[in-house]
Structure formats: structure tokens, C-alpha cells
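Only one structure is covered here, and it is reproduced in the block below.
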Amino acid sequence: KNQVEQSPQSLIILEGKNCTLQCNYTVSPFSNLRWYKQDTGRGPVSLTIMTFSENTKSNGRYTATLDADTKQSSLHITASQLSDSASYICVVRANYGGSQGNLIFGKGTKLSVKP
Amino acid sequence: DAGITQSPRHKVTETGTPVTLRCHQTENHRYMYWYRQDPGHGLRLIHYSYGVKDTDKGEVSDGYSVSRSKTEDFLLTLESATSSQTSVYFCAISGTSGYNEQFFGPGTRLTVL
């Protein structure tokens with residue numbers, strides 16, 4: 001069964017510290033992996049998208065890594081800010097023919113950054 | 001929110017009443033989607049559309065219907081709302097090039113009493 005598992009479920013860190021969020025998936029065939037940030041009361045916003053040939057991609061203080069062999073991804077946040085408080089969702093797209101209904105969502109990691 | 005609006009943003013209704021949620025886009029994207037988001041679950045696909053009058057079911061389509069008569073509008077209807085349909089509903093859109101990235105709307109919080 002295609003699944004995306006994220007850990008930890010929640011995380012509290014102090015402002016200015018770094019953190020790493022994990023995503024393990026069992027999706028096959030794999031097309032790409034996305035990380036979204038979702039602020040409370042808002043829709044998810046894309047941070048990065050990676051295909052199997054990309055093992056690192058950065059977006060400002062956010063760096064995503066992908067190991068397609070072990071089917072693991074991580075999202076590293078550097079020098080956290082209060083505005084980083086949000087849920088971070090890992091999403092894997094399966095490569096089923098031409099269907100567009102083929103995104104598998106993780107349940108998210110809720111990050112709280114405290115002053 | 002990438003030119004996507006949802007209406008209403010909040011709605012409280014009673015069990016058994018019909019409810020229609022609207023998604024409107026200004027990006028002229030081909031694909032549109034309806035998801036629901038509940039605590040303890042990831043986003044789950046209800047229905048999606050791949051063109052005007054072309055729709056297909058997602059993972060949790062029971063109790064929901066959709067219609068798309070124009071490129072820019074995608075309607076989600078709960079024929080007879082139940083308390084289990086209390087949720088936050090998100091519309092998303094995507095094009096046909098590159099990664100087919102999905103852009104999400106702001107969401108509609110629906111409470112069924």
C-alpha cells in the first residue's frame with residue numbers, strides 16, 4: 001500500500017535553532033516528492049519539489065534531501081524564526097499513467113518555534 | 001494563494017441539508033481538485049476535474065458530487081450533509097507542464113451540526 005510517514009508528529013524548538021523533519025515513503029512507482037508548509041488556517045504552500053535524480057534542493061533557510069534508494073526525505077530548517085511555526089507536509093506523487101489523482105499525503109509535522 | 005478563491009470560507013449547517021462549496025481560479029489551469037483535511041489524517045482527495053465537464057472520483061468520494069461547467073469554477077456538493085462531513089475543505093489547481101505542481105486555496109471550514 002502506498003504510504004507516506006512523517007516524524008516527529010510535533011516538535012518544539014527555540015528561535016534561532018535548527019531542526020530536521022523526516023519523511024519515509026513506500027510509494028511506487030515514484031514520480032516526485034514535495035514538501036509543503038501550512039500555516040494555521042491557511043492552505044498548504046509548496047516549499048520544494050524533487051524528482052528521483054535530485055538529492056538536495058534549497059529554498060532559503062529550507063533544505064530538502066531525498067534518498068530514492070532508501071525512500072527517505074528530510075527537511076532541514078536553519079536558524080528558525082517564529083514565522084516557521086506551521087505544519088510541514090510531505091507529499092509523494094505516484095507515477096500512475098496519466099491520472100492526476102495520485103498524490104499521497106503525509107499527516108504532517110507540527111513545528112512550534114518559541115522565543 | 002495563486003489566484004484561487006473559495007466560498008464560503010466558513011459555514012455551519014444542519015444534518016440533512018444540501019451544501020455547495022465553490023472554488024474559483026483565475027489561472028486558467030486545466031486540473032482542479034477538492035480535498036478534505038481532518039485531524040489525524042493527511043489531505044484526502046474527494047474528486048478532481050481534468051477539464052470542463054470531465055471529473056473523476058478520489059479516495060473519499062462517497063456523499064459528495066462535483067460539477068465543472070466552466071474552466072474557472074469547480075463546485076463541490078454535499079447532497080445531504082452528515083456530521084462526518086465536518087471538515088476543512090481545500091480546493092487545488094494544477095497545470096499540465098513541469099512538475100504539475102498543485103496550488104491550494106485558502107480552505108472552507110464546514111461544520112455540520
Side-chain angles (χ1 to χ4, degrees), chain A residues 1-10 21 23-27 30-54 57 59 64 66 86-110, chain B residues 1-6 9-10 21 23-25 29-51 54-61 64 66 68 74 87-109:
Chain A
K1 180 181 177 182
N2 287 327
Q3 285 187 316
V4 174
E5 300 287 342
Q6 292 188 243
S7 61
Q9 278 189 302
S10 61
L21 313 181
C23 173
N24 296 339
Y25 62 92
T26 56
V27 178
F30 174 87
S31 178
N32 57 58
L33 184 145
R34 309 138 186 247
W35 283 95
Y36 283 88
K37 178 187 180 189
Q38 185 176 20
D39 293 315
T40 300
R42 305 287 298 272
V45 174
S46 180
L47 293 174
T48 64
I49 298 179
M50 292 184 290
T51 64
F52 70 91
S53 61
E54 299 170 293
K57 186 168 276 191
N59 178 357
L66 174 64
S87 288
Y88 292 84
I89 304 172
C90 176
V91 185
V92 179
R93 181 175 179 182
N95 199 14
Y96 306 144
S99 170
Q100 288 293 310
N102 53 6
L103 294 186
I104 297 92
F105 290 79
K107 296 178 182 179
T109 292
K110 185 175 176 63
Chain B
D1 291 323
I4 311 169
T5 56
Q6 293 184 230
R9 294 293 314 279
H10 301 271
L21 308 183
C23 177
H24 178 78
Q25 61 148 329
H29 280 341
R30 177 181 177 184
Y31 297 95
M32 299 185 75
Y33 312 80
W34 278 107
Y35 292 91
R36 60 179 289 175
Q37 187 175 43
D38 304 289
H41 292 273
L43 282 150
R44 292 182 290 175
L45 182 66
I46 304 171
H47 283 279
Y48 66 98
S49 169
Y50 47 97
D54 292 323
T55 65
D56 205 349
K57 295 180 180 180
E59 177 189 357
V60 291
S61 59
Y64 301 95
V66 291
R68 191 170 178 197
F74 192 31
S87 187
V88 181
Y89 291 87
F90 287 98
C91 174
I93 62 174
S94 69
T96 56
S97 60
Y99 294 115
N100 301 124
E101 182 176 354
Q102 290 193 12
F103 301 94
F104 287 83
T108 293
R109 181 173 293 278

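Chain letters run A, B, ... following the sequence lines, proteins first and then strands; every chain starts at 1.
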If I measure from the heavy atoms of chain A, does B:Gln6 come under 4.5 Å with its side chain, its backbone, both, or neither?
neither
What part of B:Arg9 lies closer than 4.5 angstrom to a heavy atom of chain A: side chain, backbone, both or neither?
side chain
Check whether A:Gln9 gets within reach of chain B through its side chain, its backbone, both or neither, counting any heavy atom under 4.5 Å.
neither
Please give me the minimum heavy-atom distance between B:Gln102 and A:Arg34, naming the atom from each residue.
N-NH1, 3.6 Å
Please give me the minimum heavy-atom distance between B:Tyr35 and A:Leu103, naming the atom from each residue.
OH-CD1, 3.9 Å
According to ring-ring contact (aromatic ring centres under 6.0 Å, His included), who are the partners of B:Phe90, at least two apart in sequence or on a separate chain?
none
With chain B, which of A:Gly106, A:Ser46, A:Ser87 has the greatest number of heavy-atom pairs at distances under 4.5 Å?
A:Ser46
With a cut-off of 6.0 Å (strictly less than), are more than 12 heavy atoms of other residues, nucleotides or ligands near [atom1] of [X]?
X: A:Lys107; atom1: NZ; answer: no
X: A:Phe52; atom1: CZ; answer: no
X: B:Arg44; atom1: CZ; answer: yes

